[in-house]
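So that the names make sense, note that chain A is the first sequence line, chain B the second, and so on, each numbered from 1.
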Amino acid sequence: MRFRPGASGLALLAVCSLTLTACSAGSLGSSDDAGGSTAVEITYLIGNQEQDLKEAQQLTKDFTAKNPDVTVKLETRPAGSEGDNIVKTRLSTGDMTDVFAYNTGSLFQAIAPDKNLVAITDEPYIGDLDENFTRTVKSGDKIYGVPSGGFMGGAVLYSIPIYNKLGLTVPKTWAEFMANNAKIKAAGGGVAPVIQTYGETWTSQLFVLGDFHNVAVSEPDFADKYTKNQAKYATSPAAVKGFEHTQQVHDLGYQNKDFASAKLPDGLKMLATGKGAHYPILSGVVNDMVATNPNAAKDVGLFALPGDDASKNGLTVWTPGGIYIPNTTKDDKLEAAKKFLAFVASPDGCKSLAAAGVPTGPYAVKGCELPADVPQSIKDMQPYLDKEGGSSLALEFVSPVKGPSLEQITVEVGSGIRKGKDGAARYDEDVKKQAQQLGLAGW
Amino acid sequence: MTITSARPKSRSESNPAAPAAGRRFYTPYSFWFYLPTAVIYAVLFLIPTFASFYYSLTRWTLFDSNFIGFDNFVMFFQEPALVKGFTNTLVFAVVTSGSKVVLGLLLAVLLTSRIVGRSYLRSVVFFPVLVSTIGVGLTFQVLMNPERGLINGALGVIGIDGPGWLTDPSWALMSLALVDVWKGVGLATLIYIAGIVSIPREYMEAARVDGAGAWDSFWRIVLPLSRPATVTVIILSLIGGLRSFELIWAMTRGGPGFTSDVISSVIYKQYQAGFYGLSTAGNVILFLVVTLIVLPLNWFLNRKEVNL
């Protein structure tokens with residue numbers, strides 16, 4: 001049997017058109033369903049962590065109660081780098097949902113806000129947002145996002161019963177902190193002075209990241225110089241301390257025995273049940289801890305990471321994540337999306353968030369108050385924030401340079417594989433790639 | 001992403017029986033008939049491969065890219081994790097490949113001899129090959145937990161204080177290799193069984209008549225005649241070992257710190273961090289490294305086979 005050229009041409013055409021239609025089918029579907037009825041449905045993309053989901057559900061429920069003509073559909077994505085890639089891919093292909101939640105600060109700059117997002121600088125509620133927050137969702141002089149939760153502190157959670165039993169006081173300097181650790185270790189009873197959980201590597205970074213307030217007060221221009229490649233962790237006497245502290249805690253044997261394999265829930269349990277005294281961590285985990293160990297609400301307190309100077313001791317603060325509108329959202333949906341953002345940035349929005357779970361810290365919207373029954377550890381954050389100069393934003397919010405391997409490096413330093421100073425130098429190598437990727441001057 | 005299997009050089013050039021290469025091939029189909037396949041091949045394999053060579057020379061986000069020449073390669077070779085990742089990859093590939101050859105051969109000899117429950121034992125050895133790598137990784141991560149894991153629990157019963165299999169830097173890589181061998185030895189055994197079974201029984205009988213013992217038969221008949229099987233096992237497990245990723249990622253993510261990082265996990269972490277150009281450069285390098293190791297090895301081992 002022979003094929004005529006005509007037939008093979010037809011076959012080719014069929015194959016090619018099949019390929020083509022396969023490519024375009026996905027992009028056709030999304031924009032069709034807007035017109036027609038007065039009810040608008042917008043889609044909101046959030047992370048798939050349990051707490052994120054709970055808060056988003058509460059927010060959309062309360063929002064729809066006030067705006068019956070708008071319904072919000074939730075869509076989830078994985079957390080971490082995987083979720084980052086999904087957000088970036090969907091933005092670059094024009095396939096983003098009408099509203100989405102994403103990081104603020106250095107990661108926010110990486111999604112090219114000027115190119116991809118709708119600016120909300122002229123909205124009436126912008127004046128109500130905390131300035132610390134708006135700084136982290138700003139590109140040029142335009143503001144792009146509203147806060148999707150409270151501030152978080154990078155601090156030490158401590159066991160109040162252990163402190164009471166041993167008659168310890170909250171330390172303001174590193175020396176006092178280590179003296180407390182020594183006493184806790186000497187008291188015995190299987191209590192680990194410092195809880196570390198390297199089974200989940202991100203938890204290892206707090207001695208470095210949470211120490212930034214102390215760096216910022218002793219070298220006020222560190223962040224600026226760091227962005228310009230003029231200051232380094234390894235050569236800055238203040239910044240290198242974070243790495244040295246990590247090493248010190250390991251060298252003196254203050255960590256829990258299973259530090260290498262324990263995970264975050266193990267650490268929280270140790271703290272809540274008095275098997276460990278200190279846990280350097282983000283206050284964002286308090287909600288989980290209280291959910292599994294209700295007594296932790298009053299048994300666990302919080303203090304800022306201690307530095308050299310007691311008078312300058314203060315809290316390093318993480319701003320909440322942001323909620324943004326991509327510029328692919330148009331017409332009715334854009335109006336609805338703006339309404340949604342306005343709701344989130346209002347006291348009603350905060351109330352809604354508080355109803356969904358324990359707040360991670362004070363809200364970034366003026367007129368929002370923390371509920372009276374927040375856990376002790378969250379209450380302990382307030383004095384730092386009220387005091388002038390008592391808190392600083394974490395480095396990742398004041399400089400776009402953040403290396404991806406810090407967690408592995410701090411695990412190495414905290415496990416005794418690498419010395420602190422060496423780890424700092426290694427991290428300086430690591431951030432170079434990020435800076436070059438962003439095209440910063442001086443790298 | 002750019003890994004394509006190395007294609008052995010066509011034999012037709014050196015084979016005088018093949019029609020003189022050049023103008024006209026004999027083919028049962030009209031050339032048009034190849035076109036759909038060629039289009040698919042080009043779209044799915046050729047274009048991505050060459051695009052990745054280009055993108056490895058750029059610094060790109062998903063939004064735009066700019067050409068920076070060989071900077072990515074320079075940076076990749078300066079990457080502190082790379083040296084560690086590279087030695088780890090080689091160690092891992094050689095250790096797993098070597099153990100699979102030795103264990104696979106021994107198991108195959110056992111499983112081809114007359115023993116009770118032979119087919120049952122064969123399926124037991126082959127079973128781990130069928131299980132998903134991620135599943136195996138997560139299971140062993142639990143089993144190897146230093147405080148609560150079953151392995152150290154069992155060792156504790158007989159008075160041995162087991163190490164932190166995955167958390168102790170000096171053990172992590174070897175533990176991974178151990179699990180990889182456990183999972184992969186079934187395939188090696190299967191290949192060896194096929195090789196041993198295909199050895200004509202006359203050789204063994206002749207050897208026995210000549211007074212050869214079990215050891216001599218093994219050493220002088222089974223081992224040399226299963227050479228093709230050995231070559232296959234070495235090549236397959238070496239390629240597998242050089243690009244191994246899933247097991248390592250599921251069990252340690254290259255940790256603790258960077259002590260069990262291999263090239264592919266270094267590349268993956270760069271991709272995760274958004275350094276797409278850099279990680280593409282890493283993939284190009286991995287492609288070249290695997291080719292440079294496996295092609296000559298393949299040629300060397302197969303040449304010996306012809307000379308037998």
J.: List the residues meeting salt bridge (charged side-chain N to carboxylate O under 4.0 Å, His left out) with A:Lys433, not counting sequence neighbours, and say none if there are none.
T.: A:Asp430, B:Glu79
J.: Would you check if B:Arg253 and A:Gln408 make a side-chain contact, meaning some heavy-atom pair closer than 4.5 Å?
T.: no
J.: Relative to B:Phe258, does A:Arg426 satisfy both conditions: NZ or CZ under 6.0 angstrom from the six-membered ring centre, and within 45 degrees of the ring's axis?
T.: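 Yes; both conditions hold, so A:Arg426 lies above the ring face of B:Phe258.
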J.: What residues of residues 152-165 of chain B sit under 4.5 Å from chain A when you count only heavy atoms?
T.: none
J.: Between CD of B:Gln272 and CG of A:Asp84, what distance do you get to the nearest 0.5 Å?
T.: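 Separation between the atoms: 9.0 Å.
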J.: Looking at every heavy atom in both A:Ile417 and B:Pro256, which two are closest together, and how far apart are they?
T.: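 A:Ile417 and B:Pro256 have their closest heavy atoms at CD1-O, 3.9 Å.
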J.: Counting only non-hydrogen atoms closer than 4.5 Å, does A:Ser405 touch chain B with its backbone (N, CA, C, O), its side chain (CB onward), both, or neither?
T.: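 When you check distances to chain B, atoms from both the backbone and side chain of A:Ser405 fall under 4.5 Å.
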J.: Does atom OH of B:Tyr55 have more than 12 heavy-atom neighbours from other groups under 6.0 Å away?
T.: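 Incorrect, the count does not exceed 12.
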J.: Would you say B:Phe50 has more than 12 foreign heavy atoms packed within less than 6.0 Å of its CZ?
T.: no
J.: Who wins among B:Ala273, B:Pro169, B:Gly257, B:Gly277 for the most heavy-atom pairs under 4.5 Å with chain A?
T.: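 Of the candidates given, the most pairs with chain A belong to B:Gly257.
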J.: With a sphere of 6.0 Å drawn around CZ of B:Phe86, does it hold more than 12 non-hydrogen atoms of other residues, nucleotides or ligands?
T.: no
J.: Any chance NZ of A:Lys142 has more than 12 other-residue heavy atoms, nucleotides or ligands included, within less than 6.0 Å?
T.: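 No, not enclosed.
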J.: Please determine whether the number of non-hydrogen atoms from other residues, nucleotides or ligands lying under 6.0 Å from atom CZ of B:Phe67 exceeds 12.
T.: yes
J.: Quick one: which of B:Met75, B:Gln141, B:Gln270 has the most heavy-atom pairs under 4.5 Å with chain A, could you say?
T.: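 Most pairs with chain A among the choices: B:Met75.
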J.: In residues 257-268 of chain A, what donor-acceptor pairs under 3.5 Å come from side-chain atoms, sequence neighbours left out?
T.:
| from | atom 1 | to | atom 2 | distance (Å) |
| --- | --- | --- | --- | --- |
| A:Asp258 | OD1 | A:Asn256 | ND2 | 2.9 |
| A:Ser261 | OG | B:Glu147 | OE1 | 3.3 |
| A:Asp266 | OD2 | A:Lys263 | N | 2.8 |

J.: At a 4.5 Å cut-off on heavy atoms, which part of A:Gln436 comes close to chain B: side chain, backbone, both, or neither?
T.: both
J.: Write out, in numerical order, the residues from residues 192-207 of chain A with a heavy atom short of 4.5 Å from a heavy atom in chain B.
T.: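 The residues closer than 4.5 Å to chain B amount to none at all.
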J.: Is B:Ile68 in contact with chain A via its backbone, its side chain, both, or neither, using a 4.5 Å heavy-atom distance?
T.: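 When you check distances to chain A, no heavy atom of B:Ile68 falls under 4.5 Å.
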J.: Return the CZ to CD distance between B:Phe275 and A:Gln434, rounded to the nearest 0.5 Å.
T.: 4.5 Å
